[in-house]
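One structure is given here, and the rest of the page talks about it.
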Amino acid sequence: MAEAAKVLEWVNESEGLGLVLQHALVGGAAIDAHGSALPAETFAICEKADAILLGAVGGPKWDKLPPADRPEKGGLLEIRKRLDLFGNLRPAILYPQLAGASSLKPELVSGLDILIVRELTGGIYFGQPRGIRELENGEREGYNTYVYNESQIRRIGKVAFELAQKRGGRLCSVDKANVLEVTMLWREVMDEMAKDYPDVELSHMYVDNAAMQLIRAPKQFDVVVTGNMFGDILSDAAAMLTGSIGMLPSASLDVNGRGMYEPCHGSAPDIAGQNKANPLATILSVAMMLRYSLNEPAAAQRIEDAVSTVLDQGFRTADIFSEGNNLVGTVEMGDAVIAALASA
Ligand SMILES: NC(=O)C1=CN([C@@H]2O[C@H](COP(=O)(O)OP(=O)(O)OC[C@H]3O[C@@H](n4cnc5c(N)ncnc54)[C@H](O)[C@@H]3O)[C@@H](O)[C@H]2O)C=CC1
Ligand SMILES: CC(C)CC(=O)C(=O)O
Ligand SMILES: [Mg+2]
């Protein structure tokens with residue numbers, strides 16, 4: 001996040017964008033400082049902002065708290081829900097310079113450009129009832145509810161169909177309609193909506209097959225639309241096609257296009273604080289923020305071009321490193337992006 005903020009501040013100043021940056025704590029840091037994963041002051045700042053840039057939350061230190069108080073549910077999911085950020089866009093794009101870092105052979109991923117559209121404020125992550133209860137026989141039972149109503153399906157469907165229209169015209173809806181009624185409805189509604197988008201070719205795929213197809217032949221996908229949990233899982237899988245989860249940005253939008261921007265990855269506790277994390281996913285999230293919420297497409301493009309330049313120059317954090325390149329840390333990667341911006 002520090003590197004992404006550095007890049008954002010640099011672009012703001014050099015391009016005279018006039019953005020006012022406010023910083024606020026969320027997640028574990030906010031629990032430690034204020035006793036709450038989403039302090040009222042943080043939410044008030046988010047609510048008034050034109051866009052939010054979020055650093056990943058969570059970690060073992062807070063895993064013993066009751067679920068509702070944890071950084072993930074009490075902080076991140078709470079912001080998503082309260083601001084109605086239902087439309088999660090997760091582009092998985094392979095930079096050609098990273099073809100060797102992909103989990104797949106270069107010929108399977110060259111030119112890869114998939115957009116996963118994930119519903120973000122419904123489904124099993126939010127359904128009620130939920131909890132852990134004790135049964136009469138004394139054993140415990142965990143339960144969650146997977147629920148989507150028609151309007152929730154339609155509004156994410158609209159986002160996905162419209163994006164498919166602007167891209168390659170192909171939309172694959174991923175569900176588990178062979179087993180789960182909630183996704184039988186999902187499939188029916190997508191089919192109904194398809195009639196209003198004759199220029200989009202809609203297909204359906206069960207999520208287990210989709211996971212396999214992503215790894216077998218990922219270029220068959222253009223836009224993928226799916227529910228909250230399936231999208232969470234499939235986007236991490238798609239990350240490895242691009243070389244690393246450290247390369248995947250995301251946008252989470254409300255109906256008016258106001259959004260929160262964050263990398264797809266988590267807080268990476270195994271490498272946090274060691275100057276090893278790849279900052280490019282968060283830096284690319286800044287670019288998405290400038291493009292989608294702040295109406296600054298030229299500045300967004302400059303950042304994306306600078307990321308491409310540093311990859312051309314051979315800068316690599318450990319997650320995307322391959323022989324013959326220049327292994328750098330988080331801070332050096334951020335500095336390299338700024339140097340590329342400055343010399344463009
Ligand atoms: N949006 C958010 O705030 C999210 C938060 N989390 C939370 O993060 C914590 C850790 O979760 P994990 O399951 O370990 O997922 P994770 O995404 O944090 O890490 C998974 C693996 O990817 C690596 N990784 C992640 N980001 C990286 C980066 N930028 N550069 C290089 N390597 C990177 C990590 O080192 C780790 O080996 C948990 O508390 C989880 O709940 C998880 C996902 C999203
Ligand atoms: C707390 C999780 C639902 C966050 C996550 O894994 C994600 O949004 O990708
Ligand atoms: Mg995830």
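In what follows, residues are counted from 1 in the order of the sequence shown. The model shown is predicted, which means the values in this text are computed figures rather than measured ones. Atoms within a ligand are numbered from 1 in the order they appear, just like the ligands themselves.
Protein heavy atoms all stay at least 4.0 Å away from atom 12 (P) of ligand 1. Counting only heavy atoms, the protein gets under 4.0 Å from atom 7 (C) of ligand 1. Inside a 4.0 Å radius of atom 2 (C) of ligand 1 there is at least one protein heavy atom. Closer than 4.0 Å to atom 17 (O) of ligand 1 lies at least one heavy atom of the protein.
Looking only at heavy atoms of the protein, atom 34 (C) of ligand 1 is closest to Asp270 OD1, 3.3 Å. Ranking the protein heavy atoms by distance from atom 5 (C) of ligand 1 puts Val57 O, 3.0 Å first. Among all non-hydrogen protein atoms, the one lying nearest atom 4 (C) of ligand 1 is Gly266 CA, 3.5 Å.
Taking each of Leu120, Val57, Leu76, Asp232 in turn, the one with a heavy atom nearest to atom 5 (C) of ligand 2 proves to be Asp232.
Below 30°, between 30° and 60°, or above 60°: for Phe230 and Tyr146 the angle between ring planes is above 60°, a perpendicular geometry.
Gln152 and Glu119 share no donor-acceptor pair across their side chains, judged by distance under 3.5 Å alone.
With ligand atoms numbered from 1 in the order given, ligand 2 contributes 1 (C) to contacts under 4.0 Å with heavy atoms of Glu72. Against a heavy-atom cut-off of under 4.0 Å, Tyr125 is close to the following atoms of ligand 2: 3 (C). Per-residue contacts place Arg80 under 4.0 angstrom from the following atoms of ligand 2 (heavy atoms of the residue considered): 7 (C), 8 (O). Ligand 2 places these atoms under 4.0 Å from at least one heavy atom of Arg90: 7 (C), 8 (O), 9 (O). Of all the atoms in ligand 1, the ones that sit under 4.0 Å from a non-hydrogen atom of Ala277 are 30 (N).
Note that the CZ atom of Arg316 and the OG atom of Ser244 stand 12.0 Å from one another [nearest 0.5 Å].
Contacts between His265 and ligand 2, counted as non-hydrogen atom pairs separated by less than 4.0 Å, are absent for every part of the residue.
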